[in-house]
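Let me begin by presenting the structure, written as structure tokens, before commenting on it.
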Amino acid sequence: MLIRHTPVLAALTQLSCPVQVFPHAGIQQLTHTHTPAASMPDEKMDETKKKKKKTAECCGYPISIFFIVVNEFCERFSYYGMRAVLVLYFRYFLLWDDDLATSIYHAFVALCYLTPILGAIIADSWLGKFKTIIYLSIVYAIGQVTMAVSTIHDITDSNRDGTPDNFTFHIALSMLGLILIALGTGGIKPCVAAFGGDQFQEHQSRQLNTFFSVFYLCINAGSLLSTLITPVLRAQECGIHTQQQCYPLAFGVPAVLMVISLVVFIAGSGMYVKTDPEGNIMWSVCKCIGFAIRNRFRHRSSSYPKREHWMDWADEKYDKLLIAQIKMVLKVLFLYIPLPMFWTLFDQKGSRWTLQATTMSGDFGGFILQPDQMQTVNPILILTMVPIMDRLIFPLIQKCGLNFSPLKRMTVGMLFAATAFVSAALVQIEIDKTLPNFPSSSESQLKVVNMYSTTLNVTISPSEHLLIESYGSSADYITFDHQDITVSLNTSNVITKAFSLIKGGRQTLIIPSDPTVMYLVEDTKSKPREGKNAIRFVNGWTADLNITNLDSIEPSATTNYTLVNQGKRDFVLRHGEQWCEFSRKFGFGASYTFLITEAVFSSDCESIVEVEDMKPNSVHMALQIPQYFLITTGEVMFSVTGLQFSYSQAPKNMKSVLQAGWLCTNAVGNIIVLIVAEIGKLPKQWAEYVLFASLLVAVSIIFSIMAYFYTYIDPAEIEAQIRKEQGLEPEEKEKEKETLEMEEKDQKNEQGVKQTKI
Ligand SMILES: CC(C)C[C@H](N)C(=O)N1CCC[C@H]1C(=O)O
């Protein structure tokens, strides 16, 4: 079909349709019409008409929305609940090391944000949103059930020792489960948001904007509840033959929630507005773009007149409407290029910020907050801030006469995220002041512990002289810029021994009751993980000792470090019939060596000496609240607005595709985090935070320039006008006809009823 350019069409294809600004939130008012596309065959048109109906309303909202938001709540509960225990499952059930566990975890998260493209293509080109959500939810639920089954250790625990015997089986099953989950969660994500938007009629544009906020609230309510509940479920013990940490329950409850999510969605099926896909739209889009590029190349000579847009080179072969729709999508996708940077910063909440929290104190008086629990501050703040922003802040800005348009909001959101990282840098500087002076890669550090019965004169060549009392230690670590040292002890006769220290390491020289066998032990050279405390014991007693939860310890030996949580901890020391109980209260992130003296049992454990290898954390976790507040404010402005914007600026037949494009910005952000983590860090963590903040400021400046040149459009209006230009039946007429038909039908029905009554 060859359609010539008319002036009106030319203006339209520039996509400069003015749009009415939505009064309270600065979002353009949109018309939501469910017009069949120009290219749609007649049978299909009739099919769509049949499905089009007036939706039941409650307080101005379509009732079908209720099913969609409940579905989203359950789905997010399922997703975030499963995610909350996933790394622990890898680490402690599959027994993977930290690196493998975190890499697979991040790869899974990135995959979940890449699969939306697939879901969107299926929905917009083939099945339609409704069927895509149903089918992919089934895949998702099967994935969750597979995952839950893979965590039942009894399946392969034939020797009943509490650990699975066939790890390959559990790994294979859980990987299959994760792939299905990624397909499901990612696949339905762009469809659910867009399908929700489709439920609104022309006169409900205010409600449509509120819908996206409520949708976001549901995401965060679901994620908050599940991240609080699933770790508790995991901590339970369960099993058929042996009792183990209850992973099947922790993964089983999210699986049940996914089934509920599907049931709720199906329950609403009679009420939904369902728009059919218009043939293989993605294939048509690709062919059209391909043709435009080829045609442009063929006519590259300057003798050919220029066209306004490179997509206009598809004019010879493709429908004006399709070209205009592609232009709309490409314009928005181009605008999205800088956006992954926001998510790069946002996603570091779960990694860098949680690591930062492990070097802080979580004692809030009435309750103790673990470092990873700090992340729940984000959904909690979302639940309070979305309503405040929607009902108070945005209307106030509007009242002040400022045009806080969606793209301006997103820019400000990015700037908020950047200031959150400046705040994180300031907190880091405070933390750094309290951190021990760890050795550089060329240095070695040494501490000396004297378990000998009298005070010792210790000389470490060439120039360190220490006087260390019995069951005491040197005041702090001594730093050496060389590794080979000689230690001389001034006992009844001089004992000399040479040692080679570990480069970049921290060690303790233990001088036991027989100083001739003095030896080195390796110390922890970073803050213990997860805010725990690293403790160990040196046995100065004359025989073997048993200590609760530790192996038996020989005389003069030192145990490995054991990690203990914050709070009061009790240890029972035992040798045969003799025993005593030793209690200590721990803070966050400290390290201790406990020296067990010869008088341990006679003093009822009172004589045990505590050597502090690393001070407990002293900077309070509450200092992270400002950075969480700033990033969440940024998220509300950026992410909620982005969802609305992606829906409002998409042509009707590509709503899911643009939602997928939006979600892809998140996937790319995640991948950047992965790459940054692999490449390594700047020597100073605060400097890395400042670097990220600066990058985001730079990106938001670029984005604001791009946004300045962006013209908001009303896709429905553009589509309608192009159809009119092409001489197709105008939307309004079609709607009028349909209303008339419905009214006639109603009248006939009423007459029928009256006649039967008579
Ligand atoms: C990380 C929180 C639990 C959830 C977050 N506030 C959020 O709502 N999202 C992060 C990525 C987009 C959005 C989501 O859809 O989960």
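These values consider heavy atoms only, across backbone and side chains, with no hydrogens, waters or symmetry-generated copies. Each ligand, and each atom within it, is numbered from 1 in the order the structure gives. If you read the sequence from its start, that first residue is 1, and numbering goes on from there.
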#### Entry: Criterion side-chain contact (heavy atoms from CB on, under 4.5 Å) on Gln199 and Phe195, from CA distance to verdict
CA-CA 7 Å; Gln199 304 309 308; Phe195 190 64; 3.6 Å; yes
### Query
Taking only residues at least two apart or on different chains, which pairs with a member in residues 104-129 satisfy side-chain hydrogen bond (donor to acceptor under 3.5 Å, both in side chains)?
Arg83-Tyr105, Asp124-Ser656, Ser125-Asn280, Lys129-Asp198
### Task
Determine, stepwise, if the pair Phe108 / Met82 fulfils side-chain contact (heavy atoms from CB on, under 4.5 Å).
CA-CA 12 Å; Phe108 166 71; Met82 182 270 311; 3.6 Å; yes
### Task
Mind checking disulfide bond (SG atoms under 2.5 Å apart) for Cys246 and listing every partner two or more places apart, or none if nothing turns up?
Cys238
### Query
Contact residues of ligand 1 with a heavy-atom cut-off of under 4.0 Å?
Arg76, Tyr80, Tyr113, Lys189, Tyr216, Ile219, Asn220, Ser223, Trp343, Phe346, Lys349, Asn378, Glu635, Asn666
### Query
Between Met621 and Ala357, what is the shortest heavy-atom contact and its length?
CE-O, 3.7 Å
#### Entry: salt bridge (charged side-chain N to carboxylate O under 4.0 Å, His left out) partners of residues 363-378, not counting sequence neighbours, each pair once
none
